[in-house]
A.B. asks: 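Have a look at the structure that comes next, please.
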Amino acid sequence: MPYVIAEACIDIMDRSCMEECPVDCIYEGDRKLYINPMECIDCGNCEPVCPVQAISQDRRVPPELKDFVADNKRFFTESLPGRDEPIGLPGGAVGHGPVGADTELVAGYDPRG
């Protein structure tokens, strides 16, 4: 998985990264954005434009945020609440539109700790 969007994006979703992605692989959940690891080409265009520094390569995610690496993949490989099947490989976020759901980790995230 090349790039991951972690905790700092929750309830922020600036979307600057979506505008910079040449392959349209950044999808919108309910509270957070997610990078489809099977569509990402590892170009890195998304990372420097994120105003909250939520994006990094999976191998550079800080230890305290490592759960977001697997969680980002889970967004595409497991059925989310209110959906009958996983998102999988839809071939681009624009054509797919907002998902309107998040993984269990993000849906239950409490910013107060």
A.B. asks: State the CD-OH distance between Glu7 and Tyr109, to the nearest 0.5 angstrom.
C.D. replies: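 The distance works out to 3.5 Å.
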
A.B. asks: Applying salt bridge (Lys or Arg N to Asp or Glu O under 4.0 Å), name anything that partners Glu28, two or more places apart in sequence or on another chain.
C.D. replies: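 Salt bridge (Lys or Arg N to Asp or Glu O under 4.0 Å) list for Glu28, sorted by chain: Arg15.
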
A.B. asks: Do Ile55 and Ile35 come within less than 4.5 Å of each other through their side chains, counting heavy atoms only?
C.D. replies: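 Yes. Closest side-chain heavy atoms under 4.5 Å.
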
A.B. asks: My understanding is that only residues two or more places apart in sequence, or in another chain, count here; which of them pass side chain to side chain donor-acceptor pair (under 3.5 Å) with Asp71?
C.D. replies: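 Result, side chain to side chain donor-acceptor pair (under 3.5 Å) vs Asp71: Arg74, Thr103.
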
A.B. asks: Within the structure provided, determine whether Val106 and Phe75 are in side-chain contact (heavy-atom separation under 4.5 Å).
C.D. replies: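 With C-beta onward as the side chain, the pair stays apart.
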
A.B. asks: My understanding is that only residues two or more places apart in sequence, or in another chain, count here; which of them pass side-chain contact (heavy atoms from CB on, under 4.5 Å) with Asp84?
C.D. replies: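 Listed in chain order: nothing, the list is empty.
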
A.B. asks: For Thr77, check side chain to side chain donor-acceptor pair (under 3.5 Å) against everything at least two apart and list the hits.
C.D. replies: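 Side chain to side chain donor-acceptor pair (under 3.5 Å) list for Thr77, sorted by chain: empty.
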
A.B. asks: According to side-chain contact (heavy atoms from CB on, under 4.5 Å), who are the partners of Asp30, at least two apart in sequence or on a separate chain?
C.D. replies: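 Asp30 satisfies side-chain contact (heavy atoms from CB on, under 4.5 Å) with Asp102 only.
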
A.B. asks: Just by modelled atom types, is the Cys21 backbone N or O under 3.5 Å from a matching donor or acceptor in the Asn45 side chain?
C.D. replies: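 Not confirmed, Asn45 side chain does not pair with Cys21 backbone.
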
A.B. asks: Could you pull out all residues at least two apart from Tyr27 that satisfy ring-ring contact (aromatic ring centres under 6.0 Å, His included)?
C.D. replies: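 With neighbours one apart ignored, the set is Phe76, His96.
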
A.B. asks: side-chain contact (heavy atoms from CB on, under 4.5 Å) for Arg60 and Glu47? Distances and angles first, verdict last.
C.D. replies: CA-CA 12 Å; Arg60 293 187 311 155; Glu47 186 176 20; 2.7 Å; yes

A.B. asks: Would Val99 and Leu105 show up in the same hydrophobic cluster when neighbours are defined by side-chain heavy atoms closer than 4.5 Å?
C.D. replies: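 Looking at the clustering, Leu105 is in the same group as Val99.
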
A.B. asks: Is it the case that atom CD in Glu64 sees more than 12 heavy atoms from other parts of the structure closer than 6.0 Å?
C.D. replies: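 Counting other residues, nucleotides and ligands, CD of Glu64 exceeds 12 neighbours.
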
A.B. asks: Hey, could you give me each pair passing ring-ring contact (aromatic ring centres under 6.0 Å, His included) that has a residue in residues 38-63? Not counting sequence neighbours.
C.D. replies: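 Checked against ring-ring contact (aromatic ring centres under 6.0 Å, His included) - neighbours excluded - no pair reaches residues 38-63.
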
A.B. asks: With sequence neighbours left out, write down each residue that passes side chain to side chain donor-acceptor pair (under 3.5 Å) with Asp14, or none if nothing qualifies.
C.D. replies: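 In terms of side chain to side chain donor-acceptor pair (under 3.5 Å), with neighbours along the sequence ignored, Asp14 is linked to Ser16.
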
A.B. asks: Are Val49 and Ile10 linked, directly or through other ILVMFWY residues, by side chains that come within less than 4.5 angstrom of each other?
C.D. replies: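 No.
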
A.B. asks: So which atom in Asn36 and which in Gly88 form the shortest heavy-atom distance, rounded to 0.1 Å?
C.D. replies: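 Closest approach of Asn36 to Gly88, heavy atoms only: ND2-O, 3.0 Å.
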
A.B. asks: Report yes or no: does Lys32 contribute a side-chain atom to a donor-acceptor pair with the main-chain N or O of Ala6 at less than 3.5 Å?
C.D. replies: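 Side chain of Lys32 to backbone of Ala6, a donor-acceptor pair under 3.5 Å: no, none is there.
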
A.B. asks: Quick one: salt bridge (Lys or Arg N to Asp or Glu O under 4.0 Å) partners of Glu39, sequence neighbours excluded?
C.D. replies: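 None.
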
A.B. asks: Apart from Val23 itself, what residues make up its hydrophobic cluster, given side-chain heavy atom links below 4.5 Å?
C.D. replies: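 Answer for Val23: Ile41.
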
A.B. asks: Counting distance only, does the side-chain N/O of Asp42 pair as donor-acceptor with the main-chain N or O of Pro2 below 3.5 Å?
C.D. replies: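 No, the answer is negative, given that no donor and acceptor are paired below the 3.5 Å cut-off.
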
A.B. asks: Can you name the residues that form a side-chain contact (heavy atoms from CB on, under 4.5 Å) with Val52, not counting sequence neighbours?
C.D. replies: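 If we apply the side-chain contact (heavy atoms from CB on, under 4.5 Å) test to Val52, skipping adjacent residues, the hits are Ala8, Ile12, Cys50, Ala54.
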
A.B. asks: My understanding is that only residues two or more places apart in sequence, or in another chain, count here; which of them pass side-chain contact (heavy atoms from CB on, under 4.5 Å) with Asp11?
C.D. replies: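 For Asp11 the side-chain contact (heavy atoms from CB on, under 4.5 Å) partners, ignoring immediate neighbours, are Arg31.
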
A.B. asks: Please report the shortest heavy-atom distance between Cys9 and Ile5, naming the atom on each side.
C.D. replies: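 For Cys9 and Ile5, the tightest heavy-atom pair comes out as CB-CG2, 3.4 Å.
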
A.B. asks: Which heavy-atom pair separates Cys46 from Cys17 by the least distance, and what is that distance?
C.D. replies: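 Of all heavy-atom pairs spanning Cys46 and Cys17, the closest is CB-CB, 3.8 Å.
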
